[in-house]
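In this text, all values refer to a predicted model and were calculated from it rather than measured experimentally.
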Amino acid sequence: MVYALRNDPTFANMILNNIGDAGQIKRKVYQRRLPENPNKDYYYIIRETSPRESVLIEYGFIDNQRDLRKLQSDLDKYAEGVVKAIADYTNTPYTAPGTSTVTGDYYTVVRGDSLWSIANKFGISVNELKQLNNLSSNLITIGQKLRIPSQDDVTSDTYVVVKGDSLWSIARKLGVSVNDLVNYNNLSSLTLQIGQQLKIPPTNQIVYTVQKGDTLWSIAQKNNTTVDKIISDNNLLSTYLTIGQQLIIR
């Protein structure tokens with residue numbers, strides 16, 4: 001059930017319909033006035049917050065087994081339905097949970113974003129982000145689309161993080177060590193963001209593919225290095241090797 005303070009039923013009905021779309025039984029919308037006697041307020045008391053809308057929402061009842069099961073499995077969907085209704089009612093851009101904020105060369109601003117956090121996410125400076133978008137201030141709004149550096153903007157000395165990447169996988173792909181990647185980019189965290197740009201460290205090294213009969217000692221001997229250096233450069237947790245495994249050799 002949805003109880004609304006204002007007489008306009010639009011907002012309350014939007015919430016009720018979204019909860020219904022999420023799978024819950026739609027019951028009723030009650031406005032401020034008592035249905036049987038419009039001269040009296042409804043049984044439920046809602047705090048006056050004019051000019052803002054006030055609503056009271058019952059998602060279900062835990063003494064009703066059917067509602068209880070639905071609440072246990074779908075409460076997040078019901079709550080998100082309310083969020084969407086509020087966004088739609090106030091003409092605020094809505095982004096569903098799990099929806100990518102990056103579309104092509106544009107990023108959609110979400111709650112909690114700042115120019116600094118967005119710039120950091122994509123490995124550029126705030127000034128570069130402002131120049132790309134002709135911004136004259138640091139003010140941004142939820143739902144605003146900002147142009148981000150595309151692959152065409154990236155030099156051959158830069159790697160753009162994609163879904164599924166980790167520092168380890170990128171280091172392997174580029175033939176560098178994780179430590180070099182972290183130090184060269186002055187990273188304070190091992191967490192990466194999709195779209196983040198990483199500078200590729202210069203390197204004079206090879207990538208060696210482990211063959212049948214290889215050991216760390218034999219590989220070190222072949223390549224004029226030491227076992228300890230191979231272990232360190234490749235962040236190995238053991239000396240066990242597998243055929244086809246690739247090792248960075250410096």
Side-chain angles (χ1 to χ4, degrees), residues 1-118 120-122 133 135 137-148 163 191 193-195:
M1 297 183 187
V2 179
Y3 309 91
L5 183 62
R6 293 182 180 174
N7 290 326
D8 176 12
T10 304
F11 182 34
N13 273 307
M14 290 171 69
I15 292 175
L16 187 66
N17 288 334
N18 279 6
I19 294 174
D21 290 343
Q24 183 56 295
I25 299 169
K26 292 196 295 184
R27 291 180 172 87
K28 286 185 178 181
V29 169
Y30 290 105
Q31 299 307 305
R32 180 173 182 174
R33 300 305 179 188
L34 186 67
E36 294 80 11
N37 186 349
N39 294 320
K40 296 182 179 180
D41 280 344
Y42 192 67
Y43 165 72
Y44 286 87
I45 298 175
I46 304 175
R47 182 179 178 184
E48 177 70 67
T49 58
S50 181
R52 296 177 179 84
E53 182 69 272
S54 291
V55 291
L56 177 65
I57 302 163
E58 287 183 354
Y59 293 100
F61 306 94
I62 60 173
D63 58 353
N64 176 317
Q65 286 299 313
R66 180 168 56 179
D67 274 3
L68 178 59
R69 287 192 295 271
K70 284 180 172 292
L71 289 172
Q72 288 173 329
S73 61
D74 297 327
L75 182 57
D76 287 348
K77 295 179 184 177
Y78 305 154
E80 191 60 36
V82 176
V83 173
K84 185 177 186 305
I86 294 171
D88 291 342
Y89 185 74
T90 58
N91 293 316
T92 301
Y94 170 76
T95 302
T99 302
S100 174
T101 53
V102 180
T103 305
D105 296 336
Y106 288 87
Y107 174 85
T108 303
V109 177
V110 298
R111 183 179 298 278
D113 273 341
S114 66
L115 282 180
W116 182 87
S117 67
I118 296 170
N120 189 58
K121 183 178 294 186
F122 294 102
N133 292 277
L135 299 178
S137 76
N138 292 338
L139 182 66
I140 54 177
T141 57
I142 296 173
Q144 182 177 353
K145 293 187 181 298
L146 297 176
R147 185 171 182 269
I148 55 176
K163 185 177 181 180
T191 302
Q193 301 287 340
I194 294 174

task: Mind checking the CD1-CE spacing from Ile86 to Met14? Nearest 0.5 Å is all I need.
output: 10.0 Å
message: Quick check against the 3.5 Å criterion: does Asp67 have a side-chain atom that pairs as donor or acceptor with the backbone of Phe61?
response: yes
statement: In this structure, CD of Glu58 is separated from CD1 of Ile19 (nearest 0.5 Å) by 10.5 Å
field: Spatial distance of atom CD1 (Ile62) from atom CG (Leu71) [nearest 0.5 Å]
entry: 8.5 Å
- prompt: Do Glu80 and Asn18 come within less than 4.5 Å of each other through their side chains, counting heavy atoms only?
  reply: no
task: Identify the two heavy atoms, one from Ile148 and one from Tyr107, that lie closest to each other, and give their separation to 0.1 Å.
output: CG2-CB, 3.7 Å
- request: Give the intermediate values and the outcome of side-chain contact (heavy atoms from CB on, under 4.5 Å) for residues Val82 and Tyr59.
  value: CA-CA 10 Å; Val82 176; Tyr59 293 100; 3.4 Å; yes
Set of residues satisfying salt bridge (Lys or Arg N to Asp or Glu O under 4.0 Å) with respect to Lys84, sequence neighbours excluded: Asp88
message: For Gln144, run the side chain to side chain contact (heavy atoms under 4.5 Å, CB included) check against Thr108, Asp113, Asn133, Leu135 and tell me which one passes.
response: Leu135
query: For Ile15 and Ala85, which heavy atoms make the closest approach, and how far apart are they?
result: CG1-CB, 3.6 Å
message: For a quick test of reading the model, state the closest non-hydrogen atom pair linking Gly23 to Lys70 and the distance between them.
response: O-NZ, 2.7 Å
